[in-house]
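Index from 1, following the sequence.
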Amino acid sequence: MSAASATRILVVEDDPTVAEVVVKYLERDGHVVESVGDGAEALRRALADPPDLMVLDLMLPGMDGLQVCKKLRERRPVPVIMLTALGEEIDRVVGLETGADDYVTKPFSPRELALRVQSVLRRARGALVTTGTGVLRDGDLVVDVGAHEVRLRDLEITLTAREFDLLAYLMRNPRQAFSRTALLDQVWGWSFGDTSTVTVHVRRLREKIETDPTAPRRIVTVWGVGYRYEPAVDT
């Protein structure tokens, strides 16, 4: 991979040992990697020159990972993988709600992190949805798969790569109920994992496309099963 085409990754980790290991593994995969140990500096760099992906530690001095992710999400659609300590389930869920695309718990296998990076980057580039190009329409909701763009009532809606993939998958399979495990497999490509990831992404999607997220009409809950997409316009 040439330097011009290499993926740029910003690693935000205040533990020099962990940062060094992560950087080495990602560089071994051909990525161009930069590392910083301060949340405020990471945000400044990411806004000035957005990387292709950020690996972001939750616990940072000064501005923590949740603050960085939230402020970054307000300005740039940079994919984020959050690093969290084992057992911090609430923090992981809050991280996903803030806008993180994925998370890895410490202590972690550097190879596992590298694989998660590949997965998030693949989806950020639209690999999953571009296998079927075209436009998905449901009334005032339009998903342009080729352009990786979503518009609602003629206004562009900003989605993360995972949110986009999930919405496109559900719209391609209207009125079909999927369990959280099935969605984790089909959209995330994981054969195992925390299904709360799916729950959080559904909640975020509802907040962006539903008139009343507390009473969703498009992405509905199928009690005891999971979720299905109910078209607003008969097809």
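Donor-acceptor pairing under 3.5 Å is recorded for the side chains of R206 and T221.
Remark: D102 engages R162 in a salt bridge, criterion side-chain N to carboxylate O under 4.0 Å. Using a cut-off of 4.0 Å between Lys/Arg side-chain N and Asp/Glu carboxylate O, D29 and R111 are scored as salt-bridged. The pair D52-R76 does not count as a salt bridge, with every side-chain nitrogen at least 4.0 angstrom from each carboxylate oxygen. Comment: E41 engages R44 in a salt bridge, judged by a side-chain N to carboxylate O separation of less than 4.0 angstrom. Between K106 and D57 there is a salt bridge, since a side-chain N of the basic residue sits under 4.0 Å from a carboxylate O of the acidic one.
Using a distance-only test at 3.5 Å, with no hydrogens or angles considered, no donor-acceptor pair links the side chain of E27 to the main chain of V32. In terms of modelled atom types and a separation under 3.5 Å, the side chain of D64 and the main chain of L58 share no donor-acceptor contact. Remark: side-chain polar atoms of D144 are not paired, donor with acceptor, to backbone N or O of E149 under 3.5 angstrom. Side chain of E210 to main chain of D212: no donor-acceptor pair is present (N/O by atom type, distance under 3.5 Å, no hydrogens or angles).
A pairwise comparison of heavy atoms in A46 and L10 identifies CB-CD2, 4.4 Å as the closest pair. For the residue pair V220 and P216, the shortest heavy atom distance occurs at CG1-O, 3.8 Å. Of all heavy-atom pairs spanning T199 and R180, the tightest one is OG1-NE, 3.2 Å.
Using cut-offs of 30° and 60° for the angle between ring planes, the F164 and H148 rings count as parallel.
Using a 4.5 Å heavy-atom cutoff, the side chains of I81 and L56 are not in contact. Between V12 and R45, the closest side-chain pair of non-hydrogen atoms is not below 4.5 Å. Residues F178 and V222 are not in side-chain contact: their nearest non-hydrogen atoms beyond the backbone lie 4.5 Å or more apart. At least one side-chain heavy atom of M171 sits less than 4.5 Å from a side-chain heavy atom of V143. V22 is not listed as a side-chain neighbour of P110, based on a closest heavy-atom distance of 4.5 Å or more. Between L115 and V117, every side-chain heavy-atom pair lies at or beyond the 4.5 Å cut-off. Counting only heavy atoms from C-beta outward, the side chains of V55 and E13 never approach each other to under 4.5 Å.
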Test K208 against E163 for salt bridge (charged side-chain N to carboxylate O under 4.0 Å, His left out), laying out the working first.
CA-CA 10 Å; K208 295 179 179 181; E163 290 168 355; 2.7 Å; yes
Do V198 and Y227 pass the side chain to side chain contact (heavy atoms under 4.5 Å, CB included) test, and can you show the C-alpha distance, the side-chain angles, and the key distance before you say yes or no?
CA-CA 10 Å; V198 177; Y227 305 101; 4.2 Å; yes
Assess whether salt bridge (charged side-chain N to carboxylate O under 4.0 Å, His left out) is satisfied between R175 and E230, documenting all intermediate values.
CA-CA 5 Å; R175 300 192 178 93; E230 193 66 32; 3.2 Å; yes
Steps toward salt bridge (charged side-chain N to carboxylate O under 4.0 Å, His left out) verdict (R218, D140):
CA-CA 12 Å; R218 282 187 159 110; D140 55 10; 3.0 Å; yes
Apply the test side chain to side chain contact (heavy atoms under 4.5 Å, CB included) to residues Y25 and V23: give CA-CA distance (whole Å), side-chain angles for both, the deciding distance (0.1 Å), then the verdict.
CA-CA 6 Å; Y25 263 82; V23 169; over 6 Å; no
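Not less than 6.0 angstrom separates the ring centroid of Y169 from the ring centroid of Y229.
Hydrophobic clustering (ILVMFWY, side-chain heavy atoms < 4.5 Å, transitive): M59 and V80 are in one cluster. A single hydrophobic cluster is seen to contain both V78 and M63, as judged by linkage of ILVMFWY side chains at heavy-atom distances under 4.5 Å, directly or through other members. Hydrophobic clustering of Ile, Leu, Val, Met, Phe, Trp and Tyr side chains at less than 4.5 Å, counting indirect connections, unites L136 with V150.
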